[in-house]
Amino acid sequence: MKKIILLVIIVVAIGAVLVLLRGNEDNWICQNGQWVKHGNPSKPMPTTLCGGQEEVREIEVYLPAAGDQTVGTKFVIYGKGRAFENTINYRISDDSGEQLYLGSFMTNAPDAGIFGYFDQEVDLAKLLKTIPPVIRLDVLELSAKDSSDINKTSFRLNVDQSATAVFAYFSNNDLDPEISCNKTFAVTRLVPKTQSVLRAAIEELLNGPTPVEAKLGFGTLINLGVTINSVKISGDTATIDLSKKIEENAGGSCRVAAIRNQITNTAEQFPNIKNAVISVEGRTEDALQP
(Lines give C-alpha, C1' and ligand atoms only; values in the text may rest on other atoms or scores of the structure.)
Protein backbone atom coordinates (compact mmCIF):
# COMPACT_ATOMS: atom_id res chain seq x y z
CA MET A 1 0.00 0.00 0.00
CA LYS A 2 2.81 2.38 0.89
CA LYS A 3 4.44 1.69 -2.48
CA ILE A 4 1.21 2.59 -4.27
CA ILE A 5 0.87 5.85 -2.33
CA LEU A 6 4.52 6.72 -3.04
CA LEU A 7 4.02 5.98 -6.72
CA VAL A 8 0.94 8.22 -6.84
CA ILE A 9 2.88 11.05 -5.16
CA ILE A 10 5.72 10.73 -7.69
CA VAL A 11 3.30 10.76 -10.64
CA VAL A 12 1.50 13.85 -9.29
CA ALA A 13 4.83 15.63 -8.72
CA ILE A 14 6.03 14.85 -12.24
CA GLY A 15 2.73 16.09 -13.65
CA ALA A 16 3.00 19.34 -11.71
CA VAL A 17 6.52 19.92 -12.99
CA LEU A 18 5.41 19.25 -16.56
CA VAL A 19 2.50 21.67 -16.20
CA LEU A 20 4.86 24.29 -14.80
CA LEU A 21 7.34 23.78 -17.62
CA ARG A 22 4.59 23.86 -20.22
CA GLY A 23 3.29 27.07 -18.69
CA ASN A 24 6.74 28.61 -19.05
CA GLU A 25 6.89 27.66 -22.73
CA ASP A 26 4.45 30.45 -23.51
CA ASN A 27 4.95 33.08 -20.88
CA TRP A 28 6.59 36.39 -20.02
CA ILE A 29 9.96 35.85 -18.34
CA CYS A 30 11.77 38.43 -16.22
CA GLN A 31 15.31 38.93 -17.57
CA ASN A 32 17.66 41.75 -16.57
CA GLY A 33 14.84 43.78 -15.12
CA GLN A 34 12.62 43.54 -18.22
CA TRP A 35 9.76 41.30 -19.32
CA VAL A 36 10.78 39.19 -22.32
CA LYS A 37 8.58 36.88 -24.39
CA HIS A 38 9.17 33.17 -23.84
CA GLY A 39 7.35 31.40 -26.63
CA ASN A 40 4.08 33.01 -27.74
CA PRO A 41 2.17 34.03 -24.59
CA SER A 42 -1.54 34.65 -24.96
CA LYS A 43 -1.60 37.05 -22.02
CA PRO A 44 -0.42 40.66 -22.43
CA MET A 45 2.91 41.77 -21.03
CA PRO A 46 2.75 42.35 -17.23
CA THR A 47 2.47 45.98 -16.17
CA THR A 48 4.55 45.51 -13.03
CA LEU A 49 8.31 45.65 -12.68
CA CYS A 50 10.03 42.30 -12.44
CA GLY A 51 9.57 41.12 -8.87
CA GLY A 52 7.77 44.29 -7.81
CA GLN A 53 4.41 45.97 -7.86
CA GLU A 54 5.45 49.38 -9.19
CA GLU A 55 3.74 50.31 -12.44
CA VAL A 56 6.03 50.42 -15.45
CA ARG A 57 6.28 53.79 -17.20
CA GLU A 58 6.25 52.92 -20.86
CA ILE A 59 7.86 56.21 -21.93
CA GLU A 60 10.28 58.16 -19.75
CA VAL A 61 11.52 61.55 -20.91
CA TYR A 62 14.82 62.76 -19.44
CA LEU A 63 15.35 65.78 -21.72
CA PRO A 64 13.66 68.21 -21.54
CA ALA A 65 14.00 67.60 -17.81
CA ALA A 66 10.91 67.62 -15.63
CA GLY A 67 11.75 71.05 -14.21
CA ASP A 68 12.64 72.67 -17.53
CA GLN A 69 10.39 75.58 -18.45
CA THR A 70 12.40 77.18 -21.26
CA VAL A 71 13.89 75.84 -24.48
CA GLY A 72 15.44 77.45 -27.52
CA THR A 73 14.31 77.11 -31.09
CA LYS A 74 16.37 73.91 -31.09
CA PHE A 75 16.05 71.27 -28.39
CA VAL A 76 16.40 67.53 -27.85
CA ILE A 77 13.90 64.90 -26.71
CA TYR A 78 15.92 62.21 -24.94
CA GLY A 79 14.63 59.27 -22.96
CA LYS A 80 13.73 55.62 -22.75
CA GLY A 81 10.59 53.75 -23.71
CA ARG A 82 8.87 50.92 -25.45
CA ALA A 83 5.99 51.15 -27.87
CA PHE A 84 4.32 49.31 -30.74
CA GLU A 85 6.91 48.75 -33.47
CA ASN A 86 9.33 50.82 -31.32
CA THR A 87 7.67 54.02 -32.59
CA ILE A 88 7.14 57.01 -30.29
CA ASN A 89 5.38 60.20 -31.34
CA TYR A 90 5.85 63.81 -30.37
CA ARG A 91 3.34 66.60 -30.80
CA ILE A 92 3.95 70.34 -30.74
CA SER A 93 0.95 72.54 -30.02
CA ASP A 94 0.45 76.21 -29.24
CA ASP A 95 -0.57 77.31 -25.77
CA SER A 96 -4.26 76.95 -26.63
CA GLY A 97 -3.73 73.29 -27.53
CA GLU A 98 -3.95 73.62 -31.32
CA GLN A 99 -1.67 71.05 -32.93
CA LEU A 100 1.13 72.59 -34.98
CA TYR A 101 3.21 69.50 -35.75
CA LEU A 102 3.10 65.74 -35.20
CA GLY A 103 6.25 63.69 -35.69
CA SER A 104 7.69 60.34 -34.69
CA PHE A 105 10.97 58.63 -33.95
CA MET A 106 12.24 55.13 -33.21
CA THR A 107 13.82 53.76 -30.07
CA ASN A 108 16.97 51.67 -30.38
CA ALA A 109 15.30 48.61 -28.83
CA PRO A 110 16.55 45.39 -30.46
CA ASP A 111 13.09 43.80 -30.47
CA ALA A 112 9.42 44.48 -29.78
CA GLY A 113 8.37 44.67 -26.14
CA ILE A 114 11.81 45.77 -24.95
CA PHE A 115 12.80 49.19 -23.70
CA GLY A 116 15.08 51.26 -25.89
CA TYR A 117 16.59 54.73 -25.80
CA PHE A 118 15.86 57.65 -28.11
CA ASP A 119 17.42 61.02 -28.93
CA GLN A 120 15.32 63.19 -31.22
CA GLU A 121 16.51 66.58 -32.49
CA VAL A 122 13.80 69.23 -32.79
CA ASP A 123 14.40 72.40 -34.83
CA LEU A 124 11.30 74.55 -34.54
CA ALA A 125 12.42 76.84 -37.36
CA LYS A 126 12.31 73.87 -39.74
CA LEU A 127 9.00 72.48 -38.47
CA LEU A 128 6.85 75.57 -37.97
CA LYS A 129 6.02 78.56 -40.13
CA THR A 130 5.73 80.74 -37.05
CA ILE A 131 7.26 79.91 -33.68
CA PRO A 132 4.95 80.84 -30.79
CA PRO A 133 6.37 82.16 -27.50
CA VAL A 134 4.93 79.16 -25.64
CA ILE A 135 4.57 75.61 -26.89
CA ARG A 136 3.10 72.44 -25.50
CA LEU A 137 5.19 69.32 -26.12
CA ASP A 138 3.62 65.86 -25.82
CA VAL A 139 5.77 62.73 -26.01
CA LEU A 140 3.44 59.79 -26.41
CA GLU A 141 2.36 56.63 -28.17
CA LEU A 142 -0.60 56.61 -30.53
CA SER A 143 -2.74 53.59 -29.79
CA ALA A 144 -2.60 50.94 -32.53
CA LYS A 145 -6.28 50.27 -31.81
CA ASP A 146 -7.84 53.72 -32.24
CA SER A 147 -4.94 56.25 -32.52
CA SER A 148 -5.79 57.73 -29.14
CA ASP A 149 -3.06 59.18 -26.92
CA ILE A 150 -1.49 56.73 -24.48
CA ASN A 151 1.58 56.78 -22.22
CA LYS A 152 1.84 60.55 -22.61
CA THR A 153 4.27 62.95 -20.97
CA SER A 154 3.53 66.65 -21.47
CA PHE A 155 5.52 69.86 -21.10
CA ARG A 156 4.60 73.53 -21.28
CA LEU A 157 7.71 75.33 -22.54
CA ASN A 158 8.64 78.95 -23.11
CA VAL A 159 10.60 79.38 -26.34
CA ASP A 160 13.51 81.76 -25.89
CA GLN A 161 14.10 83.38 -29.27
CA SER A 162 16.34 86.07 -27.83
CA ALA A 163 19.15 83.50 -27.47
CA THR A 164 20.86 81.29 -30.04
CA ALA A 165 20.18 77.56 -29.77
CA VAL A 166 22.81 75.10 -31.01
CA PHE A 167 23.43 71.38 -30.85
CA ALA A 168 26.62 69.80 -29.51
CA TYR A 169 27.30 66.15 -30.23
CA PHE A 170 28.56 63.63 -27.69
CA SER A 171 28.86 59.88 -27.28
CA ASN A 172 26.26 57.93 -25.30
CA ASN A 173 26.61 54.20 -24.61
CA ASP A 174 22.88 53.77 -23.93
CA LEU A 175 22.08 55.11 -27.39
CA ASP A 176 25.06 53.26 -28.87
CA PRO A 177 25.43 50.04 -26.83
CA GLU A 178 27.95 48.64 -29.32
CA ILE A 179 30.21 51.59 -28.42
CA SER A 180 31.14 52.35 -32.00
CA CYS A 181 33.51 55.10 -33.07
CA ASN A 182 31.26 56.95 -35.48
CA LYS A 183 28.01 57.65 -33.63
CA THR A 184 27.29 60.86 -31.77
CA PHE A 185 24.12 62.28 -30.28
CA ALA A 186 22.86 65.79 -29.79
CA VAL A 187 22.28 67.84 -26.70
CA THR A 188 21.22 71.46 -26.91
CA ARG A 189 22.72 74.71 -25.66
CA LEU A 190 21.33 78.22 -25.35
CA VAL A 191 23.99 80.88 -25.83
CA PRO A 192 23.79 84.68 -26.14
CA LYS A 193 22.52 85.82 -29.53
CA THR A 194 25.33 85.65 -32.05
CA GLN A 195 26.01 85.57 -35.77
CA SER A 196 29.00 83.27 -35.14
CA VAL A 197 26.80 80.24 -34.56
CA LEU A 198 29.43 77.72 -35.68
CA ARG A 199 32.04 79.04 -33.27
CA ALA A 200 29.45 79.08 -30.46
CA ALA A 201 28.53 75.45 -31.15
CA ILE A 202 32.17 74.31 -31.19
CA GLU A 203 32.84 76.17 -27.95
CA GLU A 204 29.91 74.38 -26.31
CA LEU A 205 31.23 71.06 -27.62
CA LEU A 206 34.67 71.76 -26.15
CA ASN A 207 33.06 72.58 -22.79
CA GLY A 208 31.90 68.97 -22.60
CA PRO A 209 28.65 67.55 -21.17
CA THR A 210 26.97 69.27 -18.25
CA PRO A 211 26.71 67.32 -14.95
CA VAL A 212 23.08 66.50 -15.79
CA GLU A 213 24.02 65.25 -19.26
CA ALA A 214 26.89 63.18 -17.84
CA LYS A 215 24.48 61.45 -15.46
CA LEU A 216 22.29 60.65 -18.47
CA GLY A 217 25.20 58.90 -20.19
CA PHE A 218 26.57 61.60 -22.50
CA GLY A 219 30.36 61.74 -22.73
CA THR A 220 33.21 63.19 -24.75
CA LEU A 221 36.65 62.02 -25.86
CA ILE A 222 37.86 65.57 -26.44
CA ASN A 223 40.35 66.75 -23.84
CA LEU A 224 39.15 69.51 -21.56
CA GLY A 225 41.06 72.73 -22.11
CA VAL A 226 41.12 72.61 -25.91
CA THR A 227 40.68 76.11 -27.34
CA ILE A 228 39.68 77.49 -30.73
CA ASN A 229 42.34 79.36 -32.68
CA SER A 230 40.08 80.28 -35.58
CA VAL A 231 36.91 79.33 -37.45
CA LYS A 232 36.77 80.15 -41.15
CA ILE A 233 34.00 79.44 -43.66
CA SER A 234 34.67 79.40 -47.40
CA GLY A 235 31.74 78.39 -49.57
CA ASP A 236 30.21 75.34 -47.90
CA THR A 237 33.45 74.31 -46.12
CA ALA A 238 34.32 75.24 -42.55
CA THR A 239 37.92 75.06 -41.32
CA ILE A 240 38.22 74.79 -37.55
CA ASP A 241 41.71 75.34 -36.14
CA LEU A 242 42.22 74.05 -32.60
CA SER A 243 44.98 74.15 -30.00
CA LYS A 244 47.43 71.25 -29.86
CA LYS A 245 45.92 70.01 -26.60
CA ILE A 246 43.34 68.17 -28.66
CA GLU A 247 46.01 65.72 -29.77
CA GLU A 248 47.20 64.84 -26.24
CA ASN A 249 46.51 61.15 -25.48
CA ALA A 250 44.47 60.96 -28.67
CA GLY A 251 46.13 57.83 -29.99
CA GLY A 252 44.18 54.99 -31.57
CA SER A 253 42.05 55.01 -34.67
CA CYS A 254 38.76 54.62 -32.78
CA ARG A 255 39.40 57.53 -30.41
CA VAL A 256 40.55 59.80 -33.23
CA ALA A 257 37.51 58.86 -35.34
CA ALA A 258 35.19 59.58 -32.41
CA ILE A 259 36.76 63.01 -31.81
CA ARG A 260 36.52 63.88 -35.48
CA ASN A 261 32.87 62.82 -35.61
CA GLN A 262 32.00 64.96 -32.59
CA ILE A 263 33.50 68.03 -34.23
CA THR A 264 32.26 67.30 -37.75
CA ASN A 265 28.68 66.57 -36.72
CA THR A 266 28.56 69.68 -34.55
CA ALA A 267 29.77 71.79 -37.49
CA GLU A 268 27.55 70.21 -40.12
CA GLN A 269 24.30 70.80 -38.22
CA PHE A 270 24.16 74.13 -40.06
CA PRO A 271 22.69 73.93 -43.57
CA ASN A 272 25.35 76.18 -45.11
CA ILE A 273 28.17 73.83 -44.04
CA LYS A 274 28.63 70.60 -45.97
CA ASN A 275 32.26 69.86 -45.07
CA ALA A 276 34.28 70.42 -41.91
CA VAL A 277 38.08 70.52 -41.99
CA ILE A 278 39.92 70.13 -38.68
CA SER A 279 43.37 71.66 -38.29
CA VAL A 280 45.71 71.85 -35.30
CA GLU A 281 47.88 74.96 -34.92
CA GLY A 282 47.52 75.51 -38.67
CA ARG A 283 48.34 71.90 -39.60
CA THR A 284 45.75 70.07 -41.65
CA GLU A 285 47.50 67.12 -43.33
CA ASP A 286 48.73 65.39 -40.17
CA ALA A 287 46.20 66.82 -37.71
CA LEU A 288 44.48 64.33 -35.40
CA GLN A 289 46.07 61.20 -36.85
CA PRO A 290 45.87 57.82 -35.05
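These figures come from a predicted structure and were not determined experimentally. This chain uses plain numbering: 1 for the first residue, then up along the sequence.
Between the side chain of Ser196 and the backbone N or O of Arg199, no donor-acceptor pair lies under 3.5 Å. Judged purely by atom type and a 3.5 angstrom limit, Glu213 uses its side chain to pair as donor or acceptor with the backbone of Thr210. A donor-acceptor pair is defined here as one N or O able to donate and one able to accept, closer than 3.5 Å; no such pair exists between the side chain of Thr239 and the backbone of Val277. With hydrogens and angles ignored, the 3.5 Å screen pairs no side-chain donor or acceptor of Thr266 with any backbone N or O of Ala201. Side chain of Gln262 to main chain of Leu221: a donor-acceptor pair is present (N/O by atom type, distance under 3.5 Å, no hydrogens or angles). Looking only at distances, no side-chain donor or acceptor of Asp176 sits under 3.5 Å from a matching main-chain atom of Asn172. Checked by atom type and distance alone, the side chain of Gln161 pairs as donor or acceptor with a backbone atom of Ile131 at under 3.5 Å. Remark: the backbone N or O of Glu178 is not paired with any side-chain donor or acceptor of Ser180 at under 3.5 angstrom.
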query = Could you go step by step and tell me if Glu60 and Lys80 meet the salt bridge (charged side-chain N to carboxylate O under 4.0 Å, His left out) rule?
reply = CA-CA 5 Å; Glu60 294 187 85; Lys80 179 181 179 183; 5.5 Å; no

query = Between Val71 and Thr188, does a side-chain contact (heavy atoms from CB on, under 4.5 Å) hold up when you go through it step by step?
reply = CA-CA 9 Å; Val71 294; Thr188 190; over 6 Å; no

inquiry  = Before you tell me yes or no, could you show the steps for Asp160 and Thr70 under side-chain hydrogen bond (donor to acceptor under 3.5 Å, both in side chains), namely the whole-Å CA-CA distance, both residues' side-chain angles and the distance that decides it to 0.1 Å?
reply    = CA-CA 7 Å; Asp160 186 352; Thr70 300; over 6 Å; no

request  = Go through Val187 and Arg189 one step at a time and tell me if the side-chain contact (heavy atoms from CB on, under 4.5 Å) criterion holds.
outcome  = CA-CA 7 Å; Val187 297; Arg189 295 281 193 273; 3.5 Å; yes

ask   = Taking it one step at a time, do Thr227 and Leu206 satisfy side-chain contact (heavy atoms from CB on, under 4.5 Å)?
value = CA-CA 8 Å; Thr227 57; Leu206 298 180; 5.9 Å; no

Asp119 vs Phe218, side-chain contact (heavy atoms from CB on, under 4.5 Å): CA-CA, chis, key distance, verdict = CA-CA 11 Å; Asp119 181 82; Phe218 292 95; 3.9 Å; yes

request  = Begin with the C-alpha distance, continue with both residues' side-chain angles, and end with the deciding distance and a verdict on salt bridge (charged side-chain N to carboxylate O under 4.0 Å, His left out) for Glu248 and Lys245.
outcome  = CA-CA 5 Å; Glu248 292 181 7; Lys245 190 174 181 63; 3.4 Å; yes

inquiry  = Please determine whether salt bridge (charged side-chain N to carboxylate O under 4.0 Å, His left out) holds for the pair Glu121 and Lys126, giving the CA-CA distance in whole Å, both sets of side-chain angles, and the decisive distance to 0.1 Å.
reply    = CA-CA 11 Å; Glu121 300 173 14; Lys126 292 181 178 179; over 6 Å; no

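If you check the side chains of Glu141 and Asn151, you find a donor sitting under 3.5 Å from an acceptor. Counting only N and O atoms by type, the side chains of Ser243 and Glu281 include no donor and acceptor under 3.5 Å apart. If you check the side chains of Asp138 and Ser154, you find a donor sitting under 3.5 Å from an acceptor.
Not less than 6.0 angstrom separates the ring centroid of Tyr78 from the ring centroid of Phe185.
Val134 is not listed as a side-chain neighbour of Val159, based on a closest heavy-atom distance of 4.5 Å or more. Two residues are said to be in side-chain contact when any heavy atoms from C-beta on lie closer than 4.5 Å; Leu140 and Thr153 fail this criterion. Using a 4.5 Å heavy-atom threshold, the side chains of Leu137 and Arg91 count as separate. Proximity of Phe270 to Val197: side-chain heavy atoms (C-beta onward) are separated by under 4.5 Å at one or more points. At least one side-chain heavy atom of Leu242 sits less than 4.5 Å from a side-chain heavy atom of Ile278. A 4.5 Å side-chain heavy-atom check between Lys274 and Thr237 finds every atom pair outside the cut-off. The side-chain heavy atoms of Pro209 and Thr220, taken from C-beta on, include a pair separated by under 4.5 Å. Side chains of Asp95 and Arg136 form a contact here, defined as non-hydrogen atoms less than 4.5 Å apart.
Every side chain to side chain donor-acceptor pair (under 3.5 Å) that Asp94 has, sequence neighbours left out, goes to Ser96.
Put simply, CG on Leu142 and CG on Leu102 are 6.0 Å apart, with the number rounded to the nearest 0.5 Å. Rounded to the nearest 0.5 Å, atoms CG (Asp68) and CG (Leu63) are 7.5 Å apart. Taking CG from Asn275 and OG from Ser234, the interatomic distance works out to 11.0 Å, rounded to the nearest 0.5 Å. Note that OH of Tyr62 and CG of Asp174 are 8.5 Å apart. Values are rounded to the nearest 0.5 Å. Leu100 contributes atom CG, which lies 6.0 Å from atom OG of Ser93 (distance to the nearest 0.5 angstrom). With rounding to the nearest 0.5 Å, the separation of CG in Leu205 from CG in Asn265 is 10.0 Å.
Within a 6.0 Å radius of CD in Gln99, more than 12 heavy atoms belonging to other residues, nucleotides or ligands are found. Within 6.0 Å of the OH atom in Tyr101, the count of heavy atoms belonging to other residues, nucleotides or ligands exceeds 12.
The same ILVMFWY cluster, assembled from side-chain heavy atoms under 4.5 Å apart, contains both Ile228 and Ile233. Tracing side-chain contacts under 4.5 Å through hydrophobic residues (I, L, V, M, F, W, Y), one reaches Tyr90 starting from Leu128; they form part of the same cluster. Hydrophobic clustering of Ile, Leu, Val, Met, Phe, Trp and Tyr side chains at less than 4.5 Å, counting indirect connections, keeps Leu216 apart from Phe75. There is no path of hydrophobic side-chain contacts, each under 4.5 Å, that joins Val76 to Phe105. Hydrophobic clustering of Ile, Leu, Val, Met, Phe, Trp and Tyr side chains at less than 4.5 Å, counting indirect connections, keeps Ile77 apart from Phe167.
Checking Asp286, Asp241, Thr284, Asn229 one by one against Ser279, the side chain to side chain donor-acceptor pair (under 3.5 Å) holds for a single residue, Asp241.
Shown here for Phe170 and Gly208, the closest heavy-atom pair between the two residues is CZ-C, 3.6 Å. When every heavy atom of Lys193 is checked against every heavy atom of Thr164, the shortest pair comes out as CA-OG1, 3.4 Å. Scanning all heavy atoms of the two residues, the minimum distance from Tyr117 to Asn108 falls at N-OD1, 2.6 Å. Residue Ile246 comes nearest to Asn223 through the heavy atom pair O-ND2, 3.7 Å, listed as atom of the first residue, atom of the second, then distance. Between Leu224 and Asn207 the shortest heavy-atom distance is CD2-O, 4.0 Å. Val191 approaches Ala200 most closely through the heavy-atom pair CG2-CB, 4.1 Å.
Using a 4.5 Å cut-off between side-chain heavy atoms of Ile, Leu, Val, Met, Phe, Trp and Tyr, Leu190 forms no hydrophobic cluster with any other residue.
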